[in-house]
Amino acid sequence: MEEAKVVESKDGTISVASAFAAVQDRDHKFLSKAVEEAYRGVDCGDGGPFGAVVVRNDEVVVSCHNMVLKHTDPTAHAEVTAIREACKKLGKIELSDCEIYASCEPCPMCFGAVHLSRIKRLVYGAKAEAAIAIGFDDFIADALRGTGYYQKANMEIKKADGNGALIAEQVFEKTKEKFQMY
């Protein structure tokens, strides 16, 4: 949780509560936009009830919803879609001057996208359990939490060995001079 800033009013009194209330009001405003996107996405048949808003300097950069069905793309979650669109709009892959508001707790893929984009702040509304309760599969989060109750997927995960592992690992060493992320 962010620390509340002390604010001095015109009459010279200092109020921490008003600063906290201002942050709450701001968060509510942008989170409400994310929730509106969630409804919009379901209403137009684009995907599940998830919305996300990327904000920079108190201005909405993009407002997106889940596009999994529309794009026939299981990675087109609201947060990933919002990050992709914000990066395009701002012309950069690093969004450290932005915040993201998500209608629901991000799945591990979306949380990874938030992390990789360097977004400085994430605010979400509903807990993942609300989505799980209506049938959304969060087996990765279940695996990370050690709670396999909702797990639906059966998948073998195997790290390659021998030459497969060697050539895959060499790509990093062979390209480190040519490719700089930031």
Side-chain angles (χ1 to χ4, degrees), residues 1-71 73-132 134 136 138 140-141 144 180-182:
M1 179 181 236
E2 274 189 24
E3 190 175 313
K5 292 183 173 82
V6 176
V7 176
E8 188 172 344
S9 67
K10 290 180 183 178
D11 66 359
T13 60
I14 295 176
S15 173
V16 174
S18 65
F20 183 69
V23 169
Q24 282 186 312
D25 288 347
R26 182 180 175 282
D27 286 351
H28 180 77
K29 174 178 127 180
F30 293 124
L31 187 56
S32 293
K33 289 188 182 301
V35 171
E36 288 171 16
E37 277 293 334
Y39 282 115
R40 186 175 296 119
V42 171
D43 289 345
C44 64
D46 289 343
F50 303 96
V53 176
V54 174
V55 174
R56 183 172 75 164
N57 300 325
D58 287 334
E59 297 290 327
V60 172
V61 176
V62 293
S63 183
C64 297
H65 53 262
N66 183 290
M67 302 288 277
V68 167
L69 298 177
K70 181 174 184 168
H71 295 314
D73 177 358
T75 69
H77 291 194
E79 299 91 334
V80 171
T81 301
I83 289 167
R84 287 174 181 160
E85 293 302 316
C87 288
K88 284 180 198 172
K89 186 171 183 178
L90 298 174
K92 58 185 188 171
I93 61 168
E94 187 264 328
L95 303 173
S96 63
D97 57 348
C98 296
E99 302 166 89
I100 191 165
Y101 291 81
S103 63
C104 186
E105 180 180 8
C107 73
M109 176 188 68
C110 291
F111 184 79
V114 170
H115 171 74
L116 290 172
S117 68
R118 307 293 193 254
I119 286 176
K120 67 180 177 180
R121 187 165 182 257
L122 161 67
V123 177
Y124 68 88
K127 294 282 293 164
E129 286 75 13
I132 292 167
I134 65 165
F136 283 90
D138 199 7
I140 297 171
L144 295 173
Q180 298 290 318
M181 279 292 293
Y182 302 102

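Keep in mind that this is a model prediction, so the values were computed, not measured.
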Closest approach of I100 to I83 (non-hydrogen atoms, all atoms of both residues): CD1-CG1, 4.1 Å

Minimum heavy-atom distance between V80 and C110, given as atom pair plus value: CG2-SG, 3.9 Å

For G51 against A38, the heavy-atom pair lying closest together: N-CB, 3.7 Å

Value rounded to 0.5 Å, distance of CG in L122 from CD in E105: 9.0 Å

Minimum heavy-atom distance L90-C98, with the two atoms named: CD1-SG, 4.0 Å

Validation row: E37, Y101 side chains within 4.5 angstrom (heavy atoms): no

Separation of S117 OG from E79 CD (nearest 0.5 Å): 11.0 Å

Euclidean distance, K120 NZ relative to L95 CG, rounded to 0.5 Å: 11.5 Å

Charged N-O contact under 4.0 Å between R121 and D27: yes

Min side-chain heavy-atom separation R26-D58 under 4.5 Å: yes

More than 12 heavy atoms of other groups within 6.0 Å of H71 NE2: yes

Shortest non-hydrogen contact from N66 toward V68: OD1-N, 3.0 Å

Reported CZ-to-CE distance for the pair R84 and M67, which is rounded to 0.5 angstrom: 11.0 Å

Pairwise distance NZ(K92) to CG(D97) - rounded to 0.5 angstrom: 3.5 Å

Salt bridge present between E36 and K33 (N-O < 4.0 angstrom): no

Spacing of CG belonging to D25 relative to NZ belonging to K29, to within rounding of 0.5 Å: 10.0 Å

Passing option when H65 is tested against S103, P49, C44 for side-chain contact (heavy atoms from CB on, under 4.5 Å): C44

Set of side-chain hydrogen bond (donor to acceptor under 3.5 Å, both in side chains) partners for D43, sequence neighbours left out: none

Exam field: side chain N57 to backbone E59, donor-acceptor pair closer than 3.5 Å: no

Closest heavy-atom pair and its distance - V61, K89: O-NZ, 2.9 Å

